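Because only heavy atoms are used, hydrogens play no part in the values below, and waters and symmetry mates are left out as well, while side chains stay in. Here is the naming used below: chain letters follow the sequence lines, and residue numbers restart at 1 for every chain. All figures in this text were calculated on a predicted structure; none of them were measured in a lab.
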Amino acid sequence: MKKLIYAAVGILAVALLLWVGAQHFAHDQDAATGTDKSNRVLNLYNWGDYIDPTLITKFEKQTGYKVNYETFDSNEAMYTKVKQGGTSYDLTVPSDYMIQKMKKAKLLLPIDHSKLTTYKNINPRFLNQPFDRGNKYSVPYFWGTLGIVYNDKFIKASQVQHWDDLWKPEFKDDLMLIDSARDVLGFTLISQGKSVNDTNTADLQAAKGKLDALMPNVKAIVADEIKMYMVQEEAPLAVTYSGEASEMLTQNKHLHYVVPTEGSNLWFDNLVIPKTAKHLKAAYAFINFINEPKNAAQNAEYIGYSTPNTPAEALLPKAIRDDKQFYPAESTMKHLQVYQDLGQTKTEEYNDLFLEFKMTNR
Amino acid sequence: MVKKNKPWANVYLVIIFIVLYLPIMYLIFYSFNSGKYMHGFSGFSFKHYVELFNDARMIQIVFNTFVVALLSSLVATIIGTLGAIGIYDTKNPLVKNTILSMNNVLMVSPDVIIGASFLIFFTMLGIGLGFGSVLLSHIAFSIPIVVLMVLPKLNEMNKSLLDAANDLGANSWQVLTRVILPYITSGIFAGFFMAFTYSLDDFAVTFFVTGNGFSTLSVEIYSRARQGVSLEINALSALMFLISLLLVVGYFLISTAGERSKAKKKGASL
């Protein structure tokens with residue numbers, strides 16, 4: 001009995017010590033930013049590692065708000081937590097189709113454009129998108145594309161300029177696909193001259209039929225690991241997002257990224273204010289802060305995705321700014337398509353077709 | 001026991017240990033990489049450790065994680081032990097089996113389901129998510145583990161011990177503190193440590209119930225992994241591995257020292 005009591009007291013003591021330690025570090029962060037414990041906080045709910053941490057410190061120093069930074073790993077997970085409303089987030093960063101879904105579910109607060117001082121910095125090309133006409137609820141944060149990554153040790157640039165090139169018999173067992181129904185069916189639809197938001201069952205069946213013919217070339221259908229595999233040259237060819245690609249490219253000089261000229265998916269991650277937000281002033285301060293050209297440029301350089309901020313783009317190092325892989329030419333940009341929320345039944349139809357494709361015998 | 005020389009058994013053991021430890025060693029090795037990635041070792045450097053110690057948010061999360069793990073497993077151990085004694089004392093076999101099965105259902109039900117249920121439960125009650133909700137849910141999912149660790153010890157106990165204590169006039173408090181608890185101490189400790197490790201590495205439940213700026217290691221590392229885990233995490237893992245190694249070695253030294261002194265005492269009294 002004595003032993004147990006000693007152990008329990010010991011554990012409590014250690015826990016207390018650690019708690020004091022944690023408070024100390026929390027306090028340290030406060031002290032570093034000169035904030036007090038009042039209501040001056042910003043609850044930011046963002047993707048993991050999706051902002052340069054030094055920018056958070058800078059924001060705290062400049063404005064006196066303390067940032068509570070929390071992270072999620074998928075739009076759906078974020079949606080669930082915001083919808084349940086157990087915690088109040090002041091800002092979060094959903095992708096395009098999820099903004100539409102959150103809007104439908106009445107989870108967002110409209111944005112007061114009169115409070116945005118740096119909104120004018122955003123390239124009009126990325127505003128007024130179908131998922132949020134007039135940007136009533138969202139401000140662009142980053143954007144990117146879906147494209148083809150290839151390794152120049154094995155494949156020449158001229159060999160992969162179009163989606164149709166993926167079907168070439170010479171690429172047998174060479175291709176890695178990102179595990180996403182929308183993306184894979186999407187590029188197949190584009191290769192057939194259709195829209196990525198096509199909901200016509202006959203078109204979808206035709207796309208599935210064409211996809212089945214791709215199977216001999218497919219080496220694997222993977223998720224985030226695609227980055228590691230490509231860097232380690234497990235496969236010479238992959239279909240993935242531009243942000244993933246930019247990381248691969250910095251790790252392996254032989255990799256290149258192509259956005260096919262006939263079009264591709266253009267995606268957005270946008271800042272939105274959830275209904276549960278309690279610190280609106282802080283939220284607006286942050287949106288304004290992150291869209292200051294210097295900050296946006298620093299963030300874009302850190303993350304590797306493309307910034308929608310025009311003056312920030314000009315501030316980026318020339319090598320990044322002129323990189324056609326991530327800031328494609330106007331002729332390509334013209335053909336890019338944005339995903340829209342398809343609704344429950346059509347989303348299921350996409351998923352089912354993709355599942356059937358995945359089960360195809362090779 | 002007869003000691004037989006079995007070389008194959010040893011080879012097998014060595015292979016198992018290599019398989020278990022190699023990934024950890026690989027991870028620790030790269031925490032000293034001066035480069036940014038887990039491939040292409042470009043030189044020895046402590047820069048990821050410096051980075052880690054400068055990351056106040058990360059350190060705070062580490063401390064939070066341990067506070068939750070320690071407190072939740074302590075509370076769960078107390079509740080679970082009492083629960084196990086209660087189940088042990090239950091005379092009606094039907095009731096006993098029902099309670100046990102309910103306990104086991106909680107053990108085998110998937111973490112996501114438990115996590116989602118907690119999220120709905122807490123928001124329904126209007127409890128704000130954060131430290132409290134994480135602690136409560138960790139206590140809840142640790143209790144069945146403790147019960148399962150303590151029950152066998154109780155069943156192992158000779159019933160005549162209890163009868164003897166009662167015959168000699170011990171009241172129920174004395175039976176509990178002087179007979180039962182000392183007998184099942186090892187089971188209680190085992191339960192505590194199991195609950196502790198469960199709480200430390202739980203992701204699924206924790207993910208649903210964190211909020212308001214409170215986060216734990218598993219949630220943080222998982223969401224960072226989308227961008228590729230930075231070597232800062234390697235440095236952190238290396239430190240945590242080292243600490244657990246020291247704890248195990250310390251425990252081993254203390255327990256063998258205790259045994260030796262016991263053996264000495266016995267020798268003296270003979």
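- Heavy atoms of F192(B) lying under 4.5 Å from chain A belong exclusively to its side chain.
- At most 12 heavy atoms of other shown residues, nucleotides or ligands fall within 6.0 angstrom of atom CZ in F121(B).
- The backbone N or O of T210(B) lies less than 3.5 Å from a partner atom in the side chain of K81(A), making a donor-acceptor pair.
- Both the backbone and the side chain of I120(B) come within contact range of chain A, judged by heavy atoms closer than 4.5 Å.
- A side chain to side chain contact (heavy atoms under 4.5 Å, CB included) with L4(A) holds for exactly one of T177(B), I188(B), T81(B); it is I188(B).
- Here the closest heavy-atom approach between residue A15(A) and residue V67(B) is recorded as O-CG2, 3.6 Å.
- Contact annotation for Y45(A): only side-chain heavy atoms (C-beta onward) come within less than 4.5 Å of a heavy atom of chain B.
- In this structure, L71(B) CG and L12(A) CG are separated by 6.5 Å, a value rounded to the nearest 0.5 Å.
- Neither the backbone nor the side chain of V67(A) comes within contact range of chain B; no heavy atom of the residue lies under 4.5 Å from a heavy atom of that chain.
- Counted within 6.0 Å of CZ on F131(B), heavy atoms from surrounding residues, nucleotides or ligands total more than 12; the atom is thus considered enclosed.
- Across T185(B), I59(B), N64(B), the residue that shares the most heavy-atom pairs under 4.5 angstrom with chain A is I59(B).
- In this structure, OG1 in T71(A) is found 8.0 Å from CZ in F207(B), a value given to the nearest 0.5 Å.
- Taking each heavy atom of A22(A) and F63(B) in turn, the nearest pair found is N-CD2, 3.4 Å.
- Counted within 6.0 Å of OH on Y229(A), heavy atoms from surrounding residues, nucleotides or ligands total 12 or fewer; the atom is thus considered open.
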